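Both counts, for ligands and for their atoms, begin at 1 and track the order of listing. Nothing here was measured: the structure is a model prediction, and the numbers come from that model.
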Amino acid sequence: MPNLTIEARELVKRYGSTLAVDRLSFTVEAGRVTGFVGPNGAGKSTTMRMMLALDRPDGGEALIGGRPYTSYREPARTVGALLDPEAVHPGRRACDHLLWMAQYNGIPRKRVDEVLQIVGLESVGRKRVGGFSLGMRQRLGIAGALLGDPGILILDEPVNGLDPEGIQWIRGFLKQLAAEGRTVLVSSHLMSELQDTADHLIILGRGRLLADTTVKELLDQTSGDQIEVRTTERSRTIDALSLAGATVAVTGPETVTVTGLTTERVVSLLSAASIPFTGIGQHRASLEDVYMAMTREHTTFAAAPEDERALA
Ligand code: ADP
């Protein structure tokens with residue numbers, strides 16, 4: 001596989017008064033899965049569309065293997081993309097949709113059966129797409145992205161709508177594509193979907209780059225020196241430790257998290273005040289905690305959990 005990068009250079013995109021992408025620069029390297037993470041509305045799809053010349057930047061540029069997408073005569077052989085799994089005519093058979101794409105891109109028709117098999121749709125290839133679940137449409141979209149055996153894959157929320165087995169499948173599959181030396185950029189609004197799959201993370205909030213980092217670096221940077229205390233007497237614990245200058249947050253029915261004191265000091269303060277506790281230890285932030293804290297001020301639309309389900 002050729003060693004191709006995707007580069008965003010000072011990309012800017014405005015929609016009326018909305019600044020969807022704000023001077024965004026990063027490089028996506030080959031041979032690893034790069035997660036493109038940010039809350040809904042952060043600008044991920046807009047950035048991907050600009051990479052694929054489906055949207056024109058108001059500033060900056062996006063380069064695919066060092067060149068603009070439009071400079072490729074047969075782009076499907078270099079870049080495969082999944083943007084909107086619903087963008088297939090429901091009356092079409094899956095194989096006809098892929099055949100049409102293959103013909104349009106000068107790709108031999110035998111490749112259609114190959115990609116249907118790769119994504120596990122060989123048994124429904126002759127069925128109409130209208131009867132497909134969202135998960136099956138996602139697989140069909142991925143089949144389309146793979147038609148030209150491209151070195152670069154750009155996948156927008158491919159996990160959306162997949163069942164647990166489909167999620168397992170796509171995780172392994174993305175890793176395999178990267179291990180073959182391909183450049184894999186995959187977006188999600190949920191960190192949990194990507195934290196075990198992505199080697200590298202690009203985190204976006206309101207069109208801006210918040211972090212360009214590995215999962216490990218992000219955790220190391222932010223886990224800090226918080227201490228978690230398990231106690232049935234939360235309010236007395238909060239009073240005693242706050243008086244000593246700590247910041248204390250309630251993190252569970254019987255847990256508080258303390259910042260600003262050493263473990264020894266917490267133990268001695270609680271003992272001195274005769275406050276019982278059943279456990280004490282270093283608190284390790286989950287990647288989801290870190291992500292939520294990082295993107296909190298950058299969320300344009302914070303859905304309540306019920307709304308989130310309704311939208312999903
Ligand atoms: P994400 O993919 O991270 O959810 P988007 O790139 O879809 O974010 O959207 C970024 C911002 O740009 C949002 O505020 C969105 O409402 C706005 N936006 C995206 N596409 C359009 C469009 N075609 N017209 C107007 N506004 C748009």
For ligand 1, which part of R49 has a heavy atom less than 4.0 Å away: the side chain, the backbone, both, or neither?
-> side chain
Looking only at atom types and distance, does a side-chain atom of T231 sit under 3.5 Å from a main-chain N or O of R234, one as donor and one as acceptor?
-> no
Mind checking whether A20 has an N or O less than 3.5 Å away from an N or O of ligand 1?
-> no
If you count the atoms of ligand 1 from 1 in the order shown, which ones are under 4.0 Å from a heavy atom of A42?
-> 1 (P), 3 (O), 8 (O)
Per atom 13 (C) of ligand 1, closest listed option by heavy atom (G38, S187, S17, G41) | G41
Logged contact type for T46 with ligand 1, heavy-atom cut-off 4.0 Å, is both
Quick one: are R182 and L153 in side-chain contact, heavy atoms under 4.5 Å?
-> yes
Is it true that the side chains of E217 and T213 contain a donor and an acceptor less than 3.5 Å apart?
-> yes
How would you list all residue pairs meeting ring pair (Phe, Tyr, Trp, His ring centres under 6.0 Å) that involve residues 61-97, not counting sequence neighbours?
-> none
Before signing off on this row, confirm whether T18 and ligand 1 have an N or O atom pair separated by under 3.5 Å.
-> no
Flag K44 as yes when one of its N or O atoms lies below 3.5 Å from any N or O atom of ligand 1, and as no otherwise.
-> yes
Side chain to side chain donor-acceptor pair (under 3.5 Å) against S188, all qualifying residues, sequence neighbours excluded = E193
Check ligand 1 against N40 and write out every atom of the ligand that is under 4.0 Å from a heavy-atom position of the residue.
-> 4 (O)
Taking the side chain as C-beta and beyond, is there a heavy-atom pair between M48 and L83 under 4.5 Å?
-> yes
Determine whether any heavy atom of P39 lies closer than 4.0 Å to an atom of ligand 1.
-> yes
Test item: T295 side-chain N/O and Y291 main-chain N/O as donor-acceptor pair under 3.5 Å = yes
